Amino acid sequence: MGGVGALSLLAVPLVALPACAAPALPAGLTAEQIDSIVERTRDAFHVPGIAVAVVHDGQVVFSRGYGRRSEDAHSEKVDTRTLFAIGSNTKEFTTTALALLVDQGKLKWDDRVIDHMPEFRVADPFITRDFRISDLLTHHSGMGLGAGDLMLFSHSNFTRPEILAALPYMPFTAPFRANYAYNNLLYVVAGALVEKMTGTSWENFVQSRLIDAAGLPACQSTPPVKGETDVATGEGNSPDLPDRASLSLPVVAPAGGIWCSVDGMTRWVQMYLNGGKTPEGKTIISTAQRDEVWAPHALLPLPDTAEATQGHFRAYGYGWFMEDFFGKKRVWHTGTIDGMVSYVSFLPEMKTGIVVLTNHDDYRPSFIIQTTLNSLVTTGKSADWLAHWKKQADDNSAEQAKIAATTGPGSPARPFIHLSAQAQHDYIGLYHDDWRGNIHVTQKGNDLRLSFDNSPGLAGTLSALPHDLFVVRWDDRAQDAGDDCYVQFQRDMDGKVTGISMRVVGSDFSFDAQDLHPKKISDKP
């Protein structure tokens with residue numbers, strides 16, 4: 001594949017809008033172009049449903065649903081009030097909640113966390129003493145990529161107090177405030193800080209002081225429940241919703257728990273573009289704090305697409321990425337959770353914001369749509385981002401298939417082996433990890449099984465490779481197949497199994513199995 005800079009231009013004619021049209025899409029962008037790129041992307045990547053909206057000059061100038069709410073071909077159509085899980089676009093709600101507290105004089109961004117949350121501890125005592133509220137938000141803590149995500153996702157039933165208690169066991173893999181490594185765990189801590197400062201749950205505060213106060217329609221800080229009908233279902237997930245009485249609030253919520261429609265997100269975009277005020281003039285946060293969360297606080301490496309979009313810098317603020325995009329400032333964030341992907345993008349100088357929500361577990365469709373629409377708004381033309389990311393997806397699939405067939409577990413180069421029941425007996429037992437808790441290896445029929453106490457839905461069968469190495473194949477193939485893991489058992493000098501190390505077979509950084517160090521504490525599981 002040639003460089004991104006060599007991408008061809010989309011053959012989409014620009015259509016002049018009548019001078020009397022109001023409200024109008026930004027110059028360079030038409031409804032026909034939006035429909036075209038959305039439908040072609042949806043077809044190329046088999047995306048069940050997409051919702052797209054554009055805000056320009058204070059007005060919602062485009063809002064439309066495409067396709068259906070789930071993988072089921074008979075599911076209802078997506079509309080502008082369909083709830084999607086927005087994943088990490090929740091992070092800006094958490095930073096906005098903190099900004100509101102800064103406006104109220106209850107804290108400052110550079111306050112030490114322990115001054116407001118004395119129970120806060122990390123692995124290094126010096127870092128604990130100097131850890132600032134801003135350090136929770138910029139992904140430069142020194143913890144590894146996705147550190148602690150196994151406490152937040154993969155069927156986890158941890159509580160927020162348990163998350164705080166486990167922080168000292170999170171390893172630091174880089175110097176403090178030196179390297180960028182995306183981290184959800186510390187946003188959960190930021191949510192716990194909101195709770196500490198307000199005396200109410202993160203869910204209640206965000207719902208009442210942000211979502212309801214700003215008037216975001218079809219938007220909520222808690223997962224949908226039975227009775228809510230206009231709800232999207234992510235790829236690999238069940239459409240069944242829990243009863244309200246049995247709803248378990250996800251511990252990950254401050255980092256990725258909000259559900260919102262495209263109508264709700266456009267009003268959020270209006271508020272941000274309006275300097276923290278709703279279209280009616282109600283202040284949610286001050287313009288000074290809006291500017292603070294949108295300011296660069298940590299530098300990031302340039303992306304591979306920087307040359308094609310004339311990018312010279314990329315940074316992270318407080319819950320937002322920012323970069324130059326064809327000479328304009330662009331502020332944006334994505335979110336991936338529960339088989340859905342969201343993408344919110346602002347071009348503040350163009351007075352434009354764009355929202356894309358999908359129920360497909362692949363970031364590329366939302367990137368294609370956003371990059372195309374942002375390019376059209378800034379330059380009146382766009383490279384063929386659909387062709388670019390489709391080729392990337394096809395090349396990646398081919399490479400993964402080649403690895404699986406040639407050197408992957410179960411391939412001719414690494415065949416699985418059969419272990420007798422007696423040989424399996426060495427591995428059976430109870431293992432304990434300081435932050436993840438108890439892990440069980442049991443025997444069921446002819447198989448060894450691995451399961452977690454704090455993740456009732458995460459369990460799988462162990463298939464043996466030579467040298468005490470196994471692959472655990474998770475039971476829930478629809479949701480967890482991409483997180484199958486190598487499981488390496490360790491022995492002492494006497495040949496007794498003493499512990500486990502793990503590593504995900506694929507590349508999901510949020511399945512941070514490499515940070516687990518379980519020790520065998522009993523031969524009885």
Side-chain angles (χ1 to χ4, degrees), residues 146-159 162-163 165-166 169-170 184-185 236-238 240 242 246 248 250-252 337-339 409-410 416-465 468-491 496-506 508-525:
D149 275 1
L150 272 175
M151 299 179 72
L152 310 178
F153 303 105
S154 303
H155 314 274
S156 170
N157 60 9
F158 279 93
T159 65
E162 288 172 334
I163 296 294
Y169 301 113
M170 292 297 107
N184 291 297
L185 187 66
N237 285 265
S238 169
D240 297 330
S246 62
S248 178
V251 68
V252 72
I337 197 170
D338 292 341
F416 290 116
I417 62 175
H418 174 72
L419 293 180
S420 67
Q422 182 58 40
Q424 290 180 356
H425 186 75
D426 283 358
Y427 307 105
I428 295 170
L430 174 64
Y431 298 76
H432 183 79
D433 180 78
D434 286 337
W435 63 272
R436 198 59 182 75
N438 289 338
I439 301 171
H440 302 267
V441 176
T442 56
Q443 199 170 32
K444 184 178 181 181
N446 296 323
D447 295 323
L448 286 175
R449 301 274 299 164
L450 186 145
S451 60
F452 293 81
D453 269 1
N454 289 307
S455 295
L458 187 66
T461 298
L462 289 160
S463 299
L465 294 162
D468 292 325
L469 181 64
F470 293 75
V471 171
V472 59
R473 181 178 167 88
W474 304 115
D475 296 339
D476 189 343
R477 304 311 295 163
Q479 187 168 348
D480 303 321
D483 295 323
D484 290 346
C485 285
Y486 290 109
V487 180
Q488 179 71 64
F489 289 86
Q490 289 116 21
R491 296 180 186 264
K496 182 176 176 61
V497 172
T498 58
I500 295 173
S501 60
M502 295 177 67
R503 192 190 79 198
V504 69
V505 174
D508 181 2
F509 75 83
S510 277
F511 205 92
D512 57 322
Q514 74 280 353
D515 290 333
L516 293 172
H517 303 287
K519 302 300 181 185
K520 192 173 186 182
I521 60 174
S522 174
D523 291 332
K524 294 182 179 181

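On a predicted model such as this, the values are computed, not experimentally measured, just so you know.
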Worksheet item: Under 3.5 Å, is there a donor-acceptor pair between the side chain of Asn438 and the main chain of His432?
Response: no
Worksheet item: Roughly how far, to the nearest 0.5 Å, is the OG1 atom of Thr159 from the CG atom of Asn454?
Response: 9.0 Å
Worksheet item: Closest heavy-atom contact between Ser501 and Gln490?
Response: OG-NE2, 3.0 Å
Fill in: Close side-chain approach of Arg436 and Phe158, heavy atoms under 4.5 Å
yes
Discussion item. Looking at Arg503, I want to see if its CZ is surrounded by more than 12 non-hydrogen atoms of other residues, nucleotides or ligands under 6.0 Å.
Written reply: no
Discussion item. The criterion is ring pair (Phe, Tyr, Trp, His ring centres under 6.0 Å); which residues satisfy it with Phe452, sequence neighbours excluded?
Written reply: none
Worksheet item: If only atom types and distance count, is the side chain of Trp435 paired as donor or acceptor with the main-chain N or O of Gly148 below 3.5 Å?
Response: no
Discussion item. Please determine whether side chain to side chain contact (heavy atoms under 4.5 Å, CB included) holds for the pair Ile163 and Leu152, giving the CA-CA distance in whole Å, both sets of side-chain angles, and the decisive distance to 0.1 Å.
Written reply: CA-CA 9 Å; Ile163 296 294; Leu152 310 178; 3.8 Å; yes
Discussion item. Quick one, Asp453 and His440 - any side-chain contact, counting heavy atoms below 4.5 Å?
Written reply: yes
Discussion item. If you define the side chain from C-beta out and look only at heavy atoms, does anything of Leu419 sit under 4.5 Å from His425?
Written reply: no
Worksheet entry | Nearest-0.5 Å distance, CG of residue Asn157 to CE of residue Met151 | 10.5 Å
Practice prompt. Would you check if Pro409 and Leu465 make a side-chain contact, meaning some heavy-atom pair closer than 4.5 Å?
Written response: yes
Response to the item:
d(His155 NE2, Asp476 CG) to nearest 0.5 Å is 5.0 Å
Practice prompt. Check Gly236 against Ala478 and note the closest heavy-atom contact, atom names and distance.
Written response: O-CB, 3.5 Å
Worksheet item: For Asp433 and Pro518, which heavy atoms make the closest approach, and how far apart are they?
Response: OD1-N, 3.7 Å
Worksheet item: What's the shortest heavy-atom distance between Leu450 and Val472, and which atoms?
Response: CB-CG2, 4.3 Å
Worksheet item: If you round to the nearest 0.5 Å, how far is CD of Gln488 from CE of Met502?
Response: 12.0 Å
Discussion item. Counting C-beta onward and ignoring hydrogens, is there a side-chain heavy-atom pair between Asn237 and Gln479 closer than 4.5 Å?
Written reply: yes
Discussion item. On a heavy-atom basis, which atom in Leu458 and which in Ser154 lie closest, and how many Å separate them?
Written reply: CB-O, 3.9 Å
Discussion item. Checking Ser451 now: which residues fulfil side chain to side chain donor-acceptor pair (under 3.5 Å) with it, not counting sequence neighbours?
Written reply: none
Worksheet item: If you draw a 6.0 Å radius around CG in Asn446, do more than 12 non-hydrogen atoms from other residues or ligands fall strictly inside?
Response: no
Worksheet entry | Heavy-atom pair with the smallest gap, counting every atom of Gly457 and Asp480 | O-OD2, 4.3 Å
Worksheet item: Any Lys/Arg nitrogen of Lys520 or Asp426 sitting under 4.0 Å from an Asp/Glu carboxylate oxygen of the other?
Response: no
Worksheet item: Under 3.5 Å, side chain of Asp512 to main-chain N/O of Leu150, donor-acceptor pair present?
Response: yes
Fill in: Minimum side-chain heavy-atom gap Leu516-Ile500 below 4.5 Å
no
Worksheet entry | Flag if over 12 foreign heavy atoms under 6.0 Å of CZ, Arg449 | yes
Discussion item. With a sphere of 6.0 Å drawn around OH of Tyr169, does it hold more than 12 non-hydrogen atoms of other residues, nucleotides or ligands?
Written reply: no
Practice prompt. Using ring pair (Phe, Tyr, Trp, His ring centres under 6.0 Å) as the criterion, list what pairs up with Phe470, not counting sequence neighbours.
Written response: Tyr427, Phe489
Worksheet item: What's the spacing between Thr442 OG1 and Gln424 CD if we round to 0.5 Å?
Response: 10.5 Å
Fill in: Validation row: Asp149, Phe511 side chains within 4.5 angstrom (heavy atoms)
no
Practice prompt. For the pair Lys496 and Asp523, find out whether any cationic side-chain nitrogen is under 4.0 Å from an anionic carboxylate oxygen.
Written response: yes
Discussion item. Is any side-chain heavy atom of Ile337 closer than 4.5 Å to one of Phe153?
Written reply: yes
